[in-house]
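Okay, structure first, notes after.
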Amino acid sequence: MRLCVIGLGRLGLPSALVADAAGHEVRGLDVDGTRVAAINRRDVDTREPGVTTLLGDPRCSLTATTDPAEALAETEFSVVTVPTQSQADGSFGLVAVLAAVEAIGAQAQQLSPRHVVVLKSTVSPGATDGAVRAALTVASGLNAADGPGLVHAPEFHAIGSIVHDITRPYL
């Protein structure tokens, strides 16, 4: 399976590394060039157990970039793990999520015809079928039935156990 993990922070990098270790072709996309360079050097500053071990494994083939075209080319899945900030009204900020799905939509012609966008970022109820789907549809120029699929799979992991939680979800 070919996938792109968008947002290589607290949740995204461990998610990308676990998928890579499972044998999938994983590309990472992040707006932070310093973070991307550190990942590609295999030298990240993290306190998350398991991340440096997975990244330092000689079999690790994860690559990271700031270029959406490079990261998304011919992928079957995009996993959006960008941060969402809680708003005063209890909702979640969608700025980074919308930017991510717009980047995916802009690359629609390079994606697998059955491409699926997976939102692991926490969004408010209704956002997936509302603002997020609308942004993806407008950016791709495709209607919802013909464009990339969209699913919401929120993650709630405690800092310090993300790799463990992903690899052993029911233990």
Side-chain angles (χ1 to χ4, degrees), residues 1-40 44 51 55 60-87 91-157 162 166:
M1 178 170 51
R2 292 179 312 269
L3 63 114
C4 175
V5 176
I6 302 173
L8 298 172
R10 186 181 69 83
L11 174 61
L13 182 57
S15 297
L17 288 167
V18 168
D20 178 81
H24 302 291
E25 180 184 325
V26 184
R27 299 178 200 139
L29 176 63
D30 201 284
V31 297
D32 184 339
T34 302
R35 177 180 294 157
V36 165
I39 292 167
N40 289 332
V44 296
V51 168
L55 192 59
C60 180
S61 62
L62 173 68
T63 59
T65 183
T66 59
D67 179 4
E70 179 183 341
L72 291 160
E74 299 178 12
T75 55
E76 299 162 306
F77 292 89
S78 296
V79 182
V80 178
T81 62
V82 297
T84 54
Q85 301 298 324
S86 296
Q87 306 298 301
S91 65
F92 293 95
L94 294 177
V95 173
V97 172
L98 294 177
V101 297
E102 288 168 357
I104 296 164
Q107 300 302 317
Q109 300 307 314
Q110 293 188 43
L111 304 175
S112 162
R114 305 188 93 180
H115 191 88
V116 175
V117 178
V118 180
L119 290 182
K120 286 181 87 167
S121 296
T122 305
V123 297
S124 298
T128 303
D129 280 331
V132 175
R133 183 170 305 282
L136 184 59
T137 300
V138 169
S140 69
L142 301 169
N143 67 46
D146 297 327
L150 179 62
V151 297
H152 187 207
E155 295 287 340
F156 301 96
H157 299 293
I162 296 173
I166 293 170

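Treat the numbers as computed from the prediction; the structure is a model and nothing was measured. Note: hydrogens, waters and symmetry copies are ignored here, and every other heavy atom, side chains too, is used.
- Considering only residues two or more places apart in sequence or on other chains, V116 meets the side-chain contact (heavy atoms from CB on, under 4.5 Å) condition with F77, V118, V151.
- Taking E25 as the reference, R27 meet the salt bridge (Lys or Arg N to Asp or Glu O under 4.0 Å) condition, with sequence neighbours excluded.
- In this structure, the side-chain contact (heavy atoms from CB on, under 4.5 Å) partners of V44, at least two apart in sequence or on a different chain, are L13, A38, I39, T46, V51, T52, L55.
- Qualifying side chain to side chain donor-acceptor pair (under 3.5 Å) partners for T63, counting only residues two or more places apart in sequence or in other chains: none.
- For L8 against V5, the heavy-atom pair with the smallest separation is CD2-O, 3.9 Å.
- Going from atom CG of L29 over to atom OG1 of T81 covers 9.5 Å, rounded to the nearest 0.5 Å.
- Applying the side-chain contact (heavy atoms from CB on, under 4.5 Å) criterion to A19, with sequence neighbours excluded, gives L3, H24, V26.
- Considering only residues two or more places apart in sequence or on other chains, T137 meets the side chain to side chain donor-acceptor pair (under 3.5 Å) condition with none of them.
- Residues passing the side chain to side chain donor-acceptor pair (under 3.5 Å) test with S78 are H115, sequence neighbours excluded.
- Residue pairs meeting the salt bridge (charged side-chain N to carboxylate O under 4.0 Å, His left out) criterion with at least one member in residues 126-144, sequence neighbours excluded: D129-R133.
- Pairs passing the side-chain hydrogen bond (donor to acceptor under 3.5 Å, both in side chains) check and including a residue from residues 1-16, sequence neighbours excluded, read S15-K120.
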Name the atoms and distances for all side-chain donor-acceptor pairs under 3.5 Å in residues 100-111, with sequence neighbours left out.
| residue | atom | partner | partner atom | Å |
| --- | --- | --- | --- | --- |
| Q107 | OE1 | Q110 | NE2 | 2.8 |

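- For residues 105-115, no residue pair satisfies the salt bridge (charged side-chain N to carboxylate O under 4.0 Å, His left out) rule, not counting sequence neighbours.
- When all heavy atoms of T65 and A71 are compared, the closest pair comes out as CG2-CB, 3.6 Å.
- Rounding to the nearest 0.5 Å gives a distance of 7.5 Å between CG of L62 and CG of N40.
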